[in-house]
**Student:** 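This is the structure, below, for whatever I ask next.
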Amino acid sequence: MSTRHSVKIRGGAAAAVAVALAITVAGCGVGDDSKPKAQDPSSKSQGDAPKSPAPSGSPKSAPTEVLATVNGEAGMTLTVNKAARDAGGFLTLEGQLKNTGSAPYVNTAPWRGNELNASGVSVAGVTLVDKAGKKRYYVLRDTDGRCLCTTGLAIIEAGQSVPFFAQFPAPPAATAEVEMSLPTFATATIKISG
């Protein structure tokens, strides 16, 4: 009997919540107040600030910073947009690979470096060199030996862009820039943020 009683109470509470929501929704769309004030210039008070149609600080509208762009073979380009230290002691590079050539690019195997088959075709061959600290950094691996980087890069069609990502151990805080190398691409100097 107590189970039946608790079901009735829950059902009654759910019905009350549903009624309250229905009243709230119905009240939102009634009357002339539903029109935006920006459409009626005479209704603006002097203290109102002009309203923009979309937020200007959204990630899609913000310009993307370019830290480096390097050319590879057959029209491939690599653009690095981010080189940031993470709280866990990592350095993450992000950007894009783009085939600016007129034919599909199929020579992606060298990008994996000495990587075996754990990651497949990837950018695991990318390295960073801290000249001041005289150290080379390799892409991190997970517990199964797969790189913490972009994978699955068998063919890049003409005009296609694909995301580029690689995570490394972070160099010392005093290191402000590193040299990035990816097989078949020129070397680029990257400034680290954070």
**Student:** Give the table of side-chain donor-acceptor pairs shorter than 3.5 Å for residues 171-181, with sequence neighbours excluded, one pair per line with atom names and distance.
**Tutor:**
unit_1	atom_1	unit_2	atom_2	d
T175	OG1	D130	OD2	3.0
E179	OE2	K131	NZ	3.1
S181	OG	T187	OG1	3.3

**Student:** Should V129 and V70 be counted in the same cluster of Ile, Leu, Val, Met, Phe, Trp and Tyr side chains packed under 4.5 Å apart?
**Tutor:** no

**Student:** Just list the side-chain donor-acceptor pairs under 3.5 Å for residues 101-108, sequence neighbours left out, or say none.
**Tutor:**
unit_1	atom_1	unit_2	atom_2	d
Y105	OH	E73	OE2	2.7
Y105	OH	N107	O	3.3
N107	ND2	E73	OE2	2.5
T108	OG1	L153	O	2.5
T108	OG1	A154	O	3.3

**Student:** Mind jotting down which residue pairs meet the ring pair (Phe, Tyr, Trp, His ring centres under 6.0 Å) criterion with at least one end in residues 130-155? Sequence neighbours excluded, please.
**Tutor:** none

**Student:** Nearest 0.5 Å please: distance from the CZ atom of R112 over to the SG atom of C149.
**Tutor:** 11.5 Å

**Student:** First locate atom CD1 of I190, then atom CG of L91, and finally report the distance between them rounded to the nearest 0.5 Å.
**Tutor:** 9.5 Å

**Student:** Report yes if the side chains of I156 and V162 come closer than 4.5 Å at any heavy-atom pair, otherwise no.
**Tutor:** yes

**Student:** Does any pair with a residue in residues 156-194 pass disulfide bond (SG atoms under 2.5 Å apart), and if so which ones, sequence neighbours excluded?
**Tutor:** none

**Student:** Among all residues two or more places apart in sequence or in another chain, which pass the side-chain contact (heavy atoms from CB on, under 4.5 Å) test with T79?
**Tutor:** V66, T69, N81, Q96

**Student:** How long is the straight-line distance from CG of L93 back to CG of L67, given to the nearest 0.5 Å?
**Tutor:** 8.5 Å

**Student:** Apply side chain to side chain donor-acceptor pair (under 3.5 Å) to T127 and list each qualifying residue two or more places apart in sequence or on a separate chain.
**Tutor:** R136

**Student:** Applying ring pair (Phe, Tyr, Trp, His ring centres under 6.0 Å) as the test, list every pair that has at least one member in residues 64-89; sequence neighbours left out.
**Tutor:** none

**Student:** Is there any salt bridge (charged side-chain N to carboxylate O under 4.0 Å, His left out) pair reaching into residues 78-101, and which pairs are they, with sequence neighbours excluded?
**Tutor:** K82-E94

**Student:** Just verifying a value: how many Å separate D142 CG and C147 SG, rounded to the nearest 0.5 Å?
**Tutor:** 8.5 Å

**Student:** Enumerate the ring pair (Phe, Tyr, Trp, His ring centres under 6.0 Å) contacts for residues 161-189, please, sequence neighbours excluded, ordered by first and then second residue.
**Tutor:** W111-F185

**Student:** Which residue pairs pass the salt bridge (charged side-chain N to carboxylate O under 4.0 Å, His left out) test with at least one member in residues 154-174, sequence neighbours excluded?
**Tutor:** none

**Student:** Hey, could you give me the CE/CG distance between M76 and L182, rounded to the nearest 0.5 Å?
**Tutor:** 9.5 Å

**Student:** So among L97, V139, L78, which one has a side-chain contact (heavy atoms from CB on, under 4.5 Å) with V123?
**Tutor:** L97

